[in-house]
Structure formats: structure tokens, C-alpha cells
Trainee: 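Okay, here's the structure, questions in a sec.
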Amino acid sequence: MTNVSNLDERRRLALDQVKESERHVKFFFVGIALWELILLVLIVAFMDFGDRLHLLIFLSAAIVYGTLGIGLVTLGAYTRQNTLRILAALELLSESRQG
């Protein structure tokens, strides 16, 4: 029985590390989003809206960033869904061994 409790303790430690890592990723994501917002404000501030080339470059960049953003959000949702499935399986495994 000591092996099972030791295994459960290792799982618990691993899940705690996952939670801490997720918190770090969220802070990093917010920091990067703020940096991108600052850069966007600077670009719009210095952009000449009367020049069609400036407008074309800005719209092209917006399309690329929009597509990348949607892809990253989709990938994040997919990864989160898989992570939640693994956590649910670990909880069920732990409950079945206890009960």
C-alpha cells in the first residue's frame, strides 16, 4: 500500500506543478497582450490614414494577426480540453483505488 500512496503523492505534486505553470503562462500572456496593445497604439498614432499604402499595410497586418490570434485561441482551448480530460482520469483513478 505504500507504493499506491507514494504514487498518489507524486500525482498530487505533479498536478500542483501544472497549476503553478498555468499561472505563470497566464501572467506571461497578459504581459505580451499589454505589449502588443502598446505597439498597436503607437502604430495607429504614427500612421498616415491618408496614404493608401499605410492603410494597406495596416489591414494586411491586422488580417495576419487576426488569423494567428484565432488559431492560438483554438489551440489553447483544445489543449485545455485535453488537460481537463487527463485530470478527470487521474481523479477517477485515485477514487477507484481509495474506494
Trainee: State which residues pass side-chain contact (heavy atoms from CB on, under 4.5 Å) with Leu34; sequence neighbours excluded, sorted by chain then number.
Mentor: Val30
Trainee: Taking Ser21 for the side chain and Gln17 for the main chain, is one N or O donor matched with an acceptor at less than 3.5 Å?
Mentor: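 No, because the side chain of Ser21 does not come within donor-acceptor range (under 3.5 Å) of the backbone of Gln17.
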Trainee: Could you pull out all residues at least two apart from Glu22 that satisfy salt bridge (Lys or Arg N to Asp or Glu O under 4.0 Å)?
Mentor: Lys26, Arg80
Trainee: Any salt bridge (Lys or Arg N to Asp or Glu O under 4.0 Å) involving residues 37-47? Give me the pairs, sequence neighbours left out, ordered by first then second residue.
Mentor: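 Sorted pair list comes back empty.
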Trainee: Under the salt bridge (Lys or Arg N to Asp or Glu O under 4.0 Å) rule, what pairs show up with a residue in residues 56-76, not counting sequence neighbours?
Mentor: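 Sorted pair list comes back empty.
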Trainee: With sequence neighbours excluded, tell me which residues meet side-chain contact (heavy atoms from CB on, under 4.5 Å) with Asn82.
Mentor: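 Testing Asn82 for side-chain contact (heavy atoms from CB on, under 4.5 Å), a comparison that skips the adjacent residues, returns Tyr78, Arg85.
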Trainee: Show the atom names and distances, to 0.1 Å, of all donor-acceptor pairs under 3.5 Å that link a side chain in residues 40-60 to residues at least two apart or in another chain.
Mentor:
| unit_1 | atom_1 | unit_2 | atom_2 | d |
| --- | --- | --- | --- | --- |
| Asp48 | OD1 | Gly50 | N | 3.2 |
| Asp51 | OD1 | Leu53 | N | 3.2 |
| His54 | ND1 | Asp48 | N | 3.2 |
| Ser60 | OG | Leu56 | O | 2.9 |

Trainee: Who clusters with Ile70? Use side-chain heavy atoms, under 4.5 angstrom, across I, L, V, M, F, W and Y, and order the result by chain and number.
Mentor: none
Trainee: Supply the members, apart from Val18, of the Ile/Leu/Val/Met/Phe/Trp/Tyr cluster built from side-chain contacts under 4.5 Å; use none for a lone residue.
Mentor: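 In the cluster with Val18 there is nothing else; it is isolated.
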Trainee: First locate atom CG of Leu87, then atom NZ of Lys19, and finally report the distance between them rounded to the nearest 0.5 Å.
Mentor: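 NZ of Lys19 is found 8.0 Å from CG of Leu87.
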Trainee: Linking Ile, Leu, Val, Met, Phe, Trp and Tyr by side-chain heavy atoms under 4.5 Å, what else ends up with Ile32?
Mentor: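 For the cluster that includes Ile32, the remaining residues are Phe28.
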Trainee: Can you pull the salt bridge (Lys or Arg N to Asp or Glu O under 4.0 Å) pairs that have at least one residue in residues 54-66, sequence neighbours excluded?
Mentor: none
Trainee: Hey, what else clusters with Ile63 if you join Ile, Leu, Val, Met, Phe, Trp, Tyr whenever side-chain heavy atoms sit under 4.5 Å?
Mentor: none
Trainee: Among residues at least two apart in sequence or on other chains, which ones pass side-chain contact (heavy atoms from CB on, under 4.5 Å) with Glu20?
Mentor: Arg23, His24
